[in-house]
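Step one of this worksheet: look at the structure below.
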Amino acid sequence: MIAADPHSPLMSINFREALNEEQYAAVTAEPGPALVLAGAGSGKTRTLTYRVAYLLSQGLNPWEILLLTFTNKAAKEMLARVENLTGIPAYKFWGGTFHHIGQKILRQHGEAIGLSKAFTIIDQSDAENLLSDVIRNHNPGFLKNKDNPKAKLIANIFSYARNTLTPLSELLDERYPYFDFISDELEIFFKKYQERKAKEQVLDYDDLLEKLLKLLQQEPAIAALYQERFKHVLVDEYQDTNRLQASIVDLLGSHHRIMAVGDDAQCIYTWRGADHQNIMSFPDRHPGAIIYKIETNYRSTPNILALANDVLTFQSEESGYNKTLKATRSTGPSPYFVPILDTRQQAQFILKRISGLYQEGVALSDIAILYRAHHHSMDLQMELSRQNLSYQITSGVRFFEQAHIRDLVAQLRFLHNPNDTTAFVRFSSLLPKVGPKTAEKLLTLANKLAEENQTTVFKALDNEAVLKKVPELAKEHWTDLAYTLQDAAENLDKLSPQEIVRILIEAWYGDFLKTLFTNWSAREDDLQSLLGFAGRYQDMGELLAQLVLLNSETSDRSVDMAEDALRLTTIHQAKGLEFKVVFVIGLAEKQFPIRRAIEEGNIDEELRLFYVAVTRAQDELYLLSPKMTLHGASPELLQPSRFVTGLSPESYEVLHVNKPSW
């Protein structure tokens, strides 16, 4: 027994002194089902780490504890902490991601369900290539049809269905009704994709979980072996589990010695398969489960926590557990609600306040600007670039560096200057089988024909001689692209830059996005923001100058992660992080909550996102609500977000901003 070694660091741990009362109760819980609701900033990782140490101190061996996490980084961090605390090497534990544990068990027992011991695991890129091959073998013309989804999108659809244990036909009806005309075809592709993988003895990432669940369900003796081996099952971030993962946990922990640690109020990933009901129904699936609430918060001031607790009162009993975060820190300034004219004034206010904070000694890296959608930060990024202020985007690339923004800007550049070969190559290379060299050759031919026929290069793009040289898979897209450019070019001197941008968005490129990406609607929102930005200019040359200069300003500065720089991020990416000062921008109806959530009646997750946003703040919190947006073709008046208007007026202070100077 480990506990019998008097020299082990384990023997010197004073659990009572190392933990607060709430943590201690969870850490020393008796064997049995336990749901640990660890509020924001409450020391969740510490609780899990000490739980492992406590179980070891009670005589368990390291390999009798299964610790499941969501990322390799989280697994390494937690096991490193356990090793430092107990002195027991991390390699002795069964810990890691669901996928890691899945492949480990399948390596030993996969033959029972027809897997070779030599099976190989393919990454996402290889899986998409394999699926493409399957599709072409069954229906050579499918991927050539511009109305059909590309293989990458089909792979994402299949993955979501598998991880949520949703029949493909049901998922297509619910989430992809616009692909109803090919639903039978997609069912065939899925079946043949599964058959092809089985024949070649390869597994994609989802197979590691699907096959593990199949093994546990179909082979009771093997299931019993692991149920007996793992005396305790600990799961981190339980609110983020999907149905497939929760089913695996329930089977491995059929003895009900499961400790699920998470926070229902921070379940914000249902769009990628997380099932909020997993944590809500845990007590029903595991009778006798004891709920431990860890509500002592070490992060934020009482003033910020008062607002966060007010947010939680919006939840119904069915949509969340009752929790009240308790402060350990001294009082600070009240959160500020800042009604603002528009996103430009929002940007100016933030920069002015950041200047003041910097003078007060707050490092830029201790300040975060959080937003619901990437395009909400466009004006802010422009202003930061103009003032040469360092910032990092932790939610992806900067707005004007995003691929779909640069694709559209490249089309504008070519319309304005048909000699801009670089621009043409960028967007035409998006088409299947059209690489940079092919694109250049096609443009050269089009220019030659235009000169011979005394017409424009735009009209020459769909000349029969050019079309003959276009790869077969790209022909239909090429024709659409040519027609779009012709339409825009003919109206270049008649319409405003905004109207030209609208033509491009509503024609081939807008349709192209829908067949490429599962998040096409978010990318479309970005393009709509670009449409609003274009409305500020009357001359295409001036618009392009601004766009290119902005992109150049942001691209030329590669920010070292160690550099003192502001953090800009979506709220999804900010989960788990904390900052001294937080600005939450775009708190207006149709922006946060977003329009889609309002239309679909899916407000609960938007509320949880707001809760995650406000609980990132340690010292100061600013909630900014623009009254007007230029998203789209014309200005739109906005109402303050229901998440702010529903708060108690005592939980914040209204900060009025002077009228803008322009």
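Hydrogens, waters and symmetry mates are skipped; everything else that's a heavy atom, side chains included, is used.
Rounded to the nearest 0.5 angstrom, Phe610 CZ and Ile603 CD1 are separated by 13.0 Å.
Closest of all the heavy-atom pairs between Ile65 and Phe230 is C-CD2, 4.4 Å. Here the closest heavy-atom approach between residue Trp94 and residue Arg229 is recorded as NE1-NH2, 2.9 Å. Ser330 and Pro302 make their closest contact through O-CD, 3.2 Å (heavy atoms, listed as atom of the first residue, atom of the second, distance). Considering every non-hydrogen atom in both Gly320 and Asp264, the closest pair reads CA-OD2, 3.2 Å. What you find for Leu244 and Asn242 is that their closest heavy atoms are N-OD1, 3.1 Å.
For Glu210 and Arg162, the salt-bridge test passes: some basic side-chain N is under 4.0 Å from an acidic carboxylate O. Here Glu606 pairs with Arg372 in a salt bridge; the nearest charged N to carboxylate O distance falls below 4.0 Å.
Counting non-hydrogen atoms of neighbouring residues, nucleotides and ligands closer than 6.0 angstrom, the OH atom of Tyr358 reaches no more than 12 such neighbours. Around CG of Asp123, the count of heavy atoms belonging to other residues, nucleotides or ligands within 6.0 Å exceeds 12. Counted within 6.0 Å of NZ on Lys580, heavy atoms from surrounding residues, nucleotides or ligands total 12 or fewer; the atom is thus considered open.
No side-chain donor-acceptor contact under 3.5 Å links Ser300 and Gln618. Using modelled atom types and a 3.5 Å distance limit, the side chains of Ser42 and Asn297 yield no donor-acceptor pair. Residues Gln381 and Ser377 have side chains that bring a donor and an acceptor to within less than 3.5 angstrom of each other.
Residue pairs meeting the ring pair (Phe, Tyr, Trp, His ring centres under 6.0 Å) criterion with at least one partner in residues 272-294, sequence neighbours excluded, are Tyr238-Phe282, His256-His286, Phe282-His286. Under the salt bridge (charged side-chain N to carboxylate O under 4.0 Å, His left out) criterion, the residue pairs touching residues 29-45 are Lys44-Asp236, Lys44-Glu237, with sequence neighbours excluded. Applying the salt bridge (charged side-chain N to carboxylate O under 4.0 Å, His left out) test to residues at least two apart or on different chains, the pairs with a partner in residues 76-93 are Glu77-Arg81.
Relative orientation of the Tyr622 and Tyr336 rings is parallel, given thresholds of 30° and 60° on the angle between their planes.
Relative to the six-membered ring of Phe314, Arg608 misses at least one condition, a distance below 6.0 Å or an angle of at most 45° to the axis. In this structure, Arg16 forms a cation-pi arrangement with Tyr24, its terminal cationic atom sitting closer than 6.0 Å to the ring centre and no more than 45° off the ring axis.
Judged as a side chain to side chain contact (heavy atoms under 4.5 Å, CB included), and not counting sequence neighbours, the contacts of Ala265 are Asp263, Leu312, Gln315, Lys323, Tyr611. Arg243 is linked by a side chain to side chain contact (heavy atoms under 4.5 Å, CB included) to Leu165, Asp275, counting only residues two or more places apart in sequence or in another chain. Under the rule for a side chain to side chain contact (heavy atoms under 4.5 Å, CB included), the partners of Leu212 that lie at least two apart in sequence or sit in another chain are Ile105, Leu216, Ile248.
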Evaluate the salt bridge (charged side-chain N to carboxylate O under 4.0 Å, His left out) criterion for residues Glu620 and Arg353: first the C-alpha distance (whole Å), next the side-chain angles of each, then the deciding distance (0.1 Å), finally the verdict.
CA-CA 11 Å; Glu620 294 186 34; Arg353 181 65 193 116; 3.4 Å; yes
